[in-house]
Amino acid sequence: MAEGNPEMAPGQAQAQENLIPGVKHVIAENLRDAAGIAGRQAVREYSGKILQADIEDDKRNFTRFFLIRKLGGKGKKGTADYRGMIPPGANKTSIAFHVKNMPGALFKSLSVFALRDISLSKIESRPMRGRPWEYVFYVDFLRGDDEAARNALRHLEEVAEFVKVMGIYKAA
């Protein structure tokens, strides 16, 4: 996606106001087996056709986009050197981690943030494929790449089986 969007550098998360670039691609390439979701402006601007209107189920709905890129080189337990790709003013971090299925493991993992007064804005769990009763936890926390966040991540690596930094970016 970065190659088709000169304003988006690899590794940079960018908030989008709408889905017009996807619709533009579908129309420009005359893709008969694809469709895009966008506002009426796309129809006017690119001579598209509305197949279904008002498809949202919540008028307060927001869509966020992420550019995900694999980094070369791995550090301890799978973390990579991501610092060169952090946009200025980044104030939110998304991570994934896994802990052993044992009493207190999740508590210890989340404590690394509480001990540093780092606020979590999202926590989700997803089962690990082929590993019953084991989960990957996806967490967003409200810090960029500062000392407290780096220390929390280092501490998390000590108690978790793996930790992946998915991105550090400006909150939408």
Side-chain angles (χ1 to χ4, degrees), residues 1-26 34 36-39 41-42 55-99 106-129 135-172:
M1 181 150 178
E3 294 173 12
N5 186 345
E7 295 177 12
M8 183 181 285
Q12 177 184 358
Q14 180 181 6
Q16 296 280 331
E17 293 296 320
N18 56 52
L19 300 172
I20 290 178
V23 171
K24 178 181 177 183
H25 175 73
V26 169
I37 299 172
Q41 179 182 349
I55 63 172
E56 76 280 336
D57 59 359
D58 184 343
K59 296 292 183 188
R60 298 169 296 168
N61 188 19
F62 295 95
T63 303
R64 293 173 46 189
F65 300 87
F66 296 94
L67 175 64
I68 298 173
R69 177 177 123 179
K70 185 173 183 172
L71 297 174
K74 291 186 181 273
K76 182 180 175 188
K77 292 189 182 180
T79 60
D81 185 15
Y82 52 84
R83 289 200 188 117
M85 299 170 54
I86 300 169
N91 59 357
K92 191 170 185 179
T93 301
S94 294
I95 64 169
F97 67 91
H98 169 256
V99 293
L106 183 58
F107 172 79
K108 289 176 186 175
S109 298
L110 297 178
S111 294
V112 306
F113 302 104
L115 292 169
R116 293 166 178 86
D117 292 324
I118 296 175
S119 180
L120 304 182
S121 60
K122 179 183 85 170
I123 180 167
E124 296 179 6
S125 63
R126 297 287 182 260
M128 294 183 74
R129 183 174 293 167
Y135 298 87
V136 174
F137 294 91
Y138 296 90
V139 171
D140 288 353
F141 61 89
L142 301 178
R143 292 300 273 263
D145 185 41
D146 60 12
E147 185 176 359
R150 287 191 299 272
N151 287 339
L153 289 171
R154 277 193 291 272
H155 192 175
L156 182 60
E157 287 178 334
E158 293 173 9
V159 299
E161 293 291 299
F162 77 81
V163 178
K164 298 260 187 207
V165 175
M166 307 300 282
I168 301 174
Y169 50 94
K170 290 181 186 179

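These numbers come from the heavy atoms of this one structure, side chains and all, not from hydrogens, waters or symmetry mates. Since this is a predicted model, take the numbers as computed values, not measurements.
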At what distance, to the nearest 0.5 angstrom, does CG of L115 lie from CG of L110?
-> 11.0 Å
Taking every non-hydrogen atom, the tightest pair across G144 and A149 = O-CB, 3.2 Å
Contact check, side chains of F97 and S109, non-hydrogen atoms, under 4.5 Å | yes
d(F137 CZ, L156 CG) to nearest 0.5 Å is 11.0 Å
Within a strict 4.5 Å, meaning less than it, do heavy atoms of the F141 and L153 side chains meet?
-> yes
Check whether any side-chain N or O of T93 sits under 3.5 Å from a backbone N or O of R143 as a donor-acceptor pair, and report yes or no.
-> yes
What's the spacing between K164 NZ and H98 NE2 if we round to 0.5 Å?
-> 13.0 Å
Nearest heavy-atom approach of I118 to A152 is CD1-CB, 3.9 Å
Where do M128 and F162 come nearest, in terms of heavy atoms and distance?
-> CE-CE2, 4.5 Å
Separation of N151 CG from D146 CG (nearest 0.5 Å) | 9.0 Å
Of all heavy-atom pairs linking G89 and K170, the shortest is O-CG, 3.6 Å
Look up atom CD1 in I168 and atom CG in N91, then write down how far apart they are to the nearest 0.5 Å.
-> 11.0 Å
Flag side-chain contact, heavy atom, 4.5 Å: R154 against E158 | no
